[in-house]
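Before any comments, here is the structure.
Everything numeric here is computed off the predicted structure, so don't read it as measured data. Every chain is numbered from 1 and lettered A, B, ... according to where its sequence line falls, protein lines coming before strand lines.
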Amino acid sequence: MAGKTLYEKIWDQHVVRDNGDGTALLYIDRQLVHEVTSPQAFEGLRIAGRKLWRVDANLATPDHNVPTTDRSKGIEDPISRLQVETLDQNCTDFGVTEFKMDDIRQGIVHVIGPEQGATLPGMTVVCGDSHTSTHGAFGALAHGIGTSEVEHVMATQCLVQAKSKTMLVSVNGKVNAGITAKDIVLAIIGEIGTAGGTGYAIEFGGDAIRALSMEGRMTVCNMAIEAGARAGMVAVDQKTIDFVKGRPYSPKEDQWEQAVKAWNELHSDADASFDTIVNIDAANIKPQVTWGTSPEMVVGINSKVPDPANEKDAVKREGMIAALKYMGLTANTPMNEIEVDKVFIGSCTNSRIEDIRAAAEVAKGRKVASNIKLAMVVPGSGLIKQQAEKEGLDKILIEAGFEWREPGCSMCLAMNADRLEPQERCASTSNRNFEGRQGQGGRTHLVSPAMAAAAAVTGHFIDVQDM
Amino acid sequence: MEKFISLKAIVAPMDRPNVDTDAIIPKQFLKSIKRTGFGPNLFDEWRYLDHGEPGMDNAKRQLNEDFVLNQPRYHGAQILLARENFGCGSSREHAPWALLDYGFRVVIAPSFADIFYSNSFKNGILLIKLETGVIDNLFNDVAATEGYELIIDLETQIITKPDGSTVKFDVDEFRKHRLLNGLDDIGLTLQHTDDIKAYEQRRRTEAPWLF
Ligand code: SF4
């Protein structure tokens, strides 16, 4: 019998029932809940007089709408406030554990799941948010779902799912000094395109992925969705197990051995076959900067803004011309001559302790350049903020001229008060550079935390390796 | 989802083709955190003379007296008689939510937009497609008789008019089964409760740390 991929192993372990029509009823071990996509799900339960199937499988926190400045004043915008208050009320009514806005454990759902050990290897994890793929870094099967599916999981602990195709993206060899997980994943998206993973669950493998910390693997899996794949995953190894150990929701002493034994099976078998395999040479990856309005519009920092005239495909060419117009860029401009107005370090892609350390390392002893209107650092959770403060990173950043904020999604999607003004240019560590994503008319360039900090202190994009 | 077995109710006529979902419930109401409460804003732009926004006190707004649902003779209507391509436009599930919240359980039309069609059945609204000629007759009957009522029986798939004459209608077997039993997607999955429980029991031994 042929071996199984990691995806197939987890899938098989979670089939409750084969529906016989290409779909299966799949059991869900963990649902993470936030304020934007849950209110109608809770209300649906209420209307139908239903309860949660398994209350303890759910964990909630508000993140999209929370202010990142002084929280004692509450939320100013009435719609944002209502969403957060509704989450609080729903969690109270249905008995769901919630880390509220003033709880030190509050943060971006995709940050707090792993931080609490609520995301474990081999689990199926869902959340009403597309970046749920993040949790795949633990050898879990994790993906985003819509509001009606959120309600379905709440009521039944299951989802009706069709099996995905499997893709292995193997990043071979060693990356150069200064190359981060963000650069790796942007390079992958640049290679396979934003639709390259559509219909697939991607497993990221190869030496360069194995060499990443758990934080780095989360960054890579987080952006699997930007490559079109609903789920991204990395096989379990000792790093995974070490990370998980001792967290509040991790298996307790008496179950630990049994769990580790099961987790050690969570990798694709040597003779497993994937529907598609993509090989990438790690040594060729440069620090990445996006130049357009889609994550696949990305180049190395040492390159120039691409010229649509060199694009043969007419549709792509039009897309490039439109993107350059929106971004206010001229073809063939060296990337390191592009000046920025704002810098955002945060989001579920890059707001973990390692990211903040990387930013602080660049910022240390330097000052935010005079042309920068705002450089902000938004930790992914209250606990990360606390840890960073313990390490003195906040002082380094504040000293350099960065603003040090409260945890949340913040300027990743500008649902709260943090946003770009029209035509403002931002070096951002988030995951989407779509038109208007960070504020109407705002221009987003996706980069790693170190590259964002380097842009903040020089006022323009620059190869962090040259600093 | 509420079962639908049979219904005797007043019919309101919506005599225009291509009624889209933005007309059924305008986009400014989508910011709501609820799936109920859309009823007062059903057909908002036609129903009121001013521009509606969420949070307004609808009781204080000026009604468009000419709009059909504002005419006293159609108060309490639960059956909507419509023209072709009803429910076209954006896929918002708020459209059936608004119809349902207002009180409609049945819409009769010559044709419906696809997504609206499946969204409506999922939410417990019965959509009935009839020949244009039959629809024309119904529009005439409704206009001629104040308090015009129809009896709609899903089990037998028969519509009975006030004079006792009947019209047969088609409905997909699976959708009929779901409506008769009040089964939404969740209800269907809950038919497999035993399988889910058996799975959980097995997993509690295999992977107890997950529970
Ligand atoms: S940080 Fe951004 S991408 Fe992540 S969950 Fe929040 S809004 Fe979504």
Just how far is it from atom [atom1] of [X] to atom [atom2] of [Y], taken to the nearest 0.5 Å?
X: I186(B); Y: C158(A); atom1: CD1; atom2: SG; answer: 11.5 Å
X: R203(B); Y: D29(A); atom1: CZ; atom2: CG; answer: 6.5 Å
X: E151(A); Y: D185(B); atom1: CD; atom2: CG; answer: 9.5 Å
X: L87(A); Y: I33(B); atom1: CG; atom2: CD1; answer: 10.5 Å
X: Q13(A); Y: R202(B); atom1: CD; atom2: CZ; answer: 9.0 Å
X: K34(B); Y: E43(A); atom1: NZ; atom2: CD; answer: 4.5 Å

> Do you know which of A259(A), A155(A), A48(A) has the most heavy-atom pairs with chain B at a distance under 4.5 angstrom?
Replying inline: A259(A)

> Among H14(A), R30(A), Q83(A), who wins on heavy-atom pairs under 4.5 Å with chain B?
Replying inline: H14(A)

>> In terms of relative ring orientation, are F211(B) and Y27(A) parallel, tilted or perpendicular, with 30° and 60° separating the classes?
In response: tilted

> Hey, is the main chain of L210(B) close enough, under 3.5 Å, to the side chain of Q255(A) for a donor-acceptor pair?
Replying inline: no

> Side chain, backbone, both or neither: which part of E206(B) has a heavy atom under 4.5 Å from chain A?
Replying inline: backbone

> Do other residues, nucleotides or ligands put more than 12 heavy atoms under 6.0 Å from Q157(B) CD?
Replying inline: yes

